[in-house]
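Quick notes on the structure that follows.
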Amino acid sequence: MQSKPLDVEFYSIPANAVARSLLGMRLVRILEGARLVGRITETEAYRGEEDLACHARAGRTARTAVMYGPPGRAYIYFTYGMHWMLNVVCEGLDFPAAVLVRAVEPVEGLEQIAQRRAGVPPRSWTDGPAKLCRAFGIDGSLNELDLTADNGRLWIEAGQPVSDENVVSGPRVGIGYAAEPWLSMPWRFQIRENEGHRSDG
DNA sequence: ATCTAGATGACCT
DNA sequence: GGTCATCTAGATG
């Protein structure tokens, strides 16, 4: 399936809407000549300086400057001393907003992914924001990259859209420091089948 | 299945 | 100097 990167329009709407729409889209990474593809299954939206969970709550800094730039760029940051996180900038110029890609389902390039995640069970290869970055070789060198351009390294393509009945939304993860209403804002989205792994009956 | 603690460095106050 | 949009291994039912 050959496709073009999603265009700037896709990212020019409120970040929570982008986060919802990104479910089912395809994250594509060209790494050492190999093509890795993952179906996006979980996202989170962060929007504005008022959002106390958003990095931009501290205003424009060296780190958050990307979020104030044009939509469709990658915002990739380092945390916990060892983890990279992939976000896509959303909304308009000078309004800081982004969507964190929290999980994907491996679709292509399984051999390369398996290599990068050696010793880890397949189910856990890309089911977390830092895990997928490791599996896809995404790090700070790709920060600020334009994901709407033909950059030959990283972009997002259209995929099979997910219907509302198959989407679960809820509060964002790991932001316990934030006050209400931001703490409970339902800006985390995931595909229902990926919500939990229970098989009871 | 669920909990806990440690890793490890950039970032903001 | 404390905090962090996390992950993993290890211990416990």
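So you know, we letter chains A, B, ... as the sequences are listed, proteins then strands, and number each from 1. Predicted, not measured: the structure shown is a model, and the values here were computed from it.
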Quick one: does A:Y77 reach the base of C:dA5 with a side-chain donor-acceptor pair under 3.5 Å?
-> yes

Calculate the interatomic distance between A:I138 atom CD1 and C:dC7 atom P; express it in whole Å.
-> 13 Å

Please tell me which of the listed nucleotides, C:dT6, C:dA5, C:dT8, lies nearest to the side chain of A:H83?
-> C:dT6

Atom pair distance, as rounded to whole Å: CD1 in A:I76 and C1' in B:dG9 = 18 Å

Looking only at side chains, do A:Y68 and A:E49 share a donor and an acceptor under 3.5 Å apart?
-> yes

Given C:dA5, is OP1 or OP2 found less than 4.0 Å from the side-chain N or O atoms of A:H55?
-> yes

Taking CG from A:D139 and P from B:dG9, how many angstroms apart are they, rounded to a whole number?
-> 15 Å

According to the Watson-Crick and G-U wobble definitions, with both distances under 3.5 Å, which nucleotide is paired to C:dA5?
-> none

For A:R134, answer base if it contacts any base atom (sugar-phosphate contacts may also be present), sugar-phosphate if it contacts only those atoms, and nothing otherwise; contact means non-hydrogen atoms under 4.0 Å.
-> nothing

What do you reckon, is CG of A:D150 surrounded by more than 12 foreign heavy atoms closer than 6.0 Å?
-> no

Nucleotide of B:dC11, C:dC7, C:dA5 approaching A:A130 most closely (side-chain heavy atoms) | C:dC7

To the nearest angstrom, how far is A:L100 atom CG from C:dC7 atom C1'?
-> 14 Å

Would you classify A:S124 as touching base, sugar-phosphate or nothing, given that sugar-phosphate means primed atoms plus P, OP1 and OP2, and contacts are heavy atoms under 4.0 Å?
-> nothing

Value in whole Å for how far the P atom of C:dT8 lies from CG of A:D127 | 8 Å

Phosphate OP1/OP2 of C:dT6 contacted by A:R102 side-chain N/O (<4.0 Å) = yes

Which nucleotide sits closest to the side chain of A:K131: C:dA5, C:dC7, B:dG9?
-> C:dC7

Tell me whether A:F78 is stacked on the nucleobase of B:dG9, counting only the six-membered base ring and applying the 5.5 Å and 30° thresholds.
-> no

CZ/A:R188: more than 12 non-hydrogen atoms of other groups inside 6.0 Å | yes

Nearest-neighbour nucleotide for the A:A58 side chain, C:dC7, B:dT13, C:dA5 considered | B:dT13

Of C:dC4, C:dT8, C:dA5, the nucleotide closest to the side chain of A:T79 is C:dC4

Mind checking A:R57 for me? I need base, sugar-phosphate or nothing, with any heavy atom below 4.0 Å counting as a touch.
-> nothing

Counting Watson-Crick and G-U wobble pairs only, both distances under 3.5 Å, name the nucleotide matched with C:dG13, or none.
-> none

How would you label the contact of A:M82 with the nucleic acid (heavy atoms, under 4.0 Å): base, sugar-phosphate, or nothing?
-> base

So which heavy atom on A:L142 is nearest to which on A:I138, and how close?
-> CD1-CA, 4.0 Å

Whole-Å distance, A:L183 CG to C:dA5 C1', equals 13 Å

Contact nearer the 5' end of DNA chain C, comparing A:V120 with A:Y75 | A:Y75

Rounded to whole angstrom units, what separation is found between the CH2 atom of A:W84 and the P atom of C:dC7?
-> 15 Å

Which part of the nucleic acid, if any, lies within reach of A:R63 when heavy atoms closer than 4.0 Å are counted: base, sugar-phosphate only, or nothing?
-> sugar-phosphate

Looking at B:dC12, B:dA10, C:dT6, which one has an atom nearest to any side-chain atom of A:T61?
-> B:dC12

Write down the atom of A:E44, the atom of A:Y46, and the distance for their closest heavy-atom approach.
-> OE1-OH, 2.5 Å

Nearest-Å distance for atom pair CG/P, residues A:N143 and C:dA5 = 16 Å

Hey, does A:I175 reach any base, or is it just sugar-phosphate, or nothing, if we go heavy atoms under 4.0 Å?
-> sugar-phosphate

Counting only Watson-Crick or G-U wobble pairs whose two distances fall under 3.5 Å, which nucleotide matches B:dT8?
-> none

So, do A:D139 and A:F78 sit near enough that their side-chain heavy atoms are less than 4.5 Å apart?
-> no

Going by atom types alone, do A:E180 and A:W182 pair a side-chain donor with an acceptor below 3.5 Å?
-> no

5'-most by nearest nucleotide on DNA chain C - A:G176 or A:G119 = A:G176

